[in-house]
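Step one of this worksheet: look at the structure below.
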Amino acid sequence: MFRMTKPQVFCLIFMMALLLVPALPAAAQAEDTTSAPTPPPAPRVVVKPAPLPYQVQAAKKIFLSNGGAEPDELFTGGPDRTYSQFNDAMKSWGRYELSPAPAEADLVFEISFRDPISFTEKLPVYSPELKLVILDPKTHVVLWTFIESVRTALLQGHRDENFDKAMTKLVEDVKERVDLGHSQ
């Protein structure tokens, strides 16, 4: 008669389990194919971008307003970083002439940086974002708003790189929308 020790029985059971595990997903898939047919995916809705207000298209001069930045140790550059980088980007684009005073401008571009913190059950969640508000300087009506999230990261260099990428994306969004309006 063939006798097996407890360790041998354990090994045998373990080996059988390893052999059966790959067969389980295949059996589950076989069951799924006999179930009700999968409905076709819903058609994707294509939304055309809304046109920018006429003032944004017709403007020649803009005033850059520093909407402020919350004190934040997560990013380098201090509270003026957002305004300085956006100012440099607008100068290099050259689409608008920068005005020294809001009264002389056709539009006000107010740039700001926020880093709100919300709390989950145990951990704080940071949601940094760049926000550009385009205002009519005569009526103070908000004409358009652009918001770009800044991805967080553990390392300082990566956080700063993500800030730069978000600023670049924000400026590209503005350029794209303004250029789209000119082509319509």
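No experiment lies behind these values; they were computed from the predicted model shown. Hydrogens, waters and symmetry mates are skipped; everything else that's a heavy atom, side chains included, is used. Positions are given from 1 along the sequence.
- Of all heavy-atom pairs between F109 and L132, the closest is CB-CD1, 3.8 Å.
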Verdict with supporting geometry, M167 and F86, side-chain contact (heavy atoms from CB on, under 4.5 Å): CA-CA 7 Å; M167 180 63 77; F86 188 72; 4.0 Å; yes
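- Two different hydrophobic clusters hold L135 and L130 under the rule that ILVMFWY side chains link at heavy-atom gaps under 4.5 Å.
- Only one option out of R159, K169, R81 pairs with D164 in a side-chain hydrogen bond (donor to acceptor under 3.5 Å, both in side chains); it is R81.
- A salt bridge between E129 and R114 is present, with a side-chain N of the basic residue lying under 4.0 Å from a carboxylate O of the acidic one.
- At least one donor-acceptor pair under 3.5 Å links the side chain of N162 to the backbone N or O of R151.
- In this structure K131 satisfies the salt bridge (Lys or Arg N to Asp or Glu O under 4.0 Å) test with no other residue, sequence neighbours excluded.
- Between the side chain of T120 and the backbone N or O of L123 there is at least one donor-acceptor pair closer than 3.5 Å.
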Full working for side-chain contact (heavy atoms from CB on, under 4.5 Å) between T145 and I134: CA-CA 6 Å; T145 302; I134 301 176; over 6 Å; no
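- The backbone N or O of T76 lies less than 3.5 Å from a partner atom in the side chain of D160, making a donor-acceptor pair.
- Residue K175 places its NZ atom among more than 12 non-hydrogen atoms of other residues, nucleotides or ligands, all under 6.0 Å distant.
- The number of heavy-atom neighbours closer than 6.0 Å to NZ of K138, taken from other residues, nucleotides and ligands shown, is above 12.
- By the 4.5 Å heavy-atom criterion applied to side chains, L98 and I62 are counted as neighbours.
- Using a 4.5 Å cut-off on side-chain heavy atoms (C-beta onward), V174 and W144 make no contact.
- Hydrophobic clustering (side-chain heavy atoms under 4.5 Å, transitive across Ile, Leu, Val, Met, Phe, Trp, Tyr) keeps V108 apart from L170.
- Aromatic rings of F75 and F113 (six-membered ring for Trp) have centroids within the 6.0 Å cut-off, being under it.
- Scanning both residues, G67 and E110, for their nearest heavy atoms gives CA-CG, 3.7 Å.
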Residues L143, V133; criterion side-chain contact (heavy atoms from CB on, under 4.5 Å); working and verdict: CA-CA 8 Å; L143 299 173; V133 179; over 6 Å; no
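- Looking at residues two or more places apart in sequence or on another chain, you find no salt bridge (Lys or Arg N to Asp or Glu O under 4.0 Å) involving D88.
- No path of Ile, Leu, Val, Met, Phe, Trp and Tyr side chains, each step under 4.5 Å between heavy atoms, connects V142 with I111, placing them in separate hydrophobic clusters.
- No continuous path of ILVMFWY side-chain contacts below 4.5 Å connects F63 to L52, so the two sit in separate hydrophobic clusters.
- Two different hydrophobic clusters hold I147 and V150 under the rule that ILVMFWY side chains link at heavy-atom gaps under 4.5 Å.
- Listed for the D106 side chain is a donor-acceptor partner under 3.5 Å among the backbone atoms of K61.
- Shortest non-hydrogen contact noted between P137 and P102 is CB-O, 3.7 Å.
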Steps toward side-chain contact (heavy atoms from CB on, under 4.5 Å) verdict (Y96, V178): CA-CA 11 Å; Y96 297 109; V178 170; 3.6 Å; yes
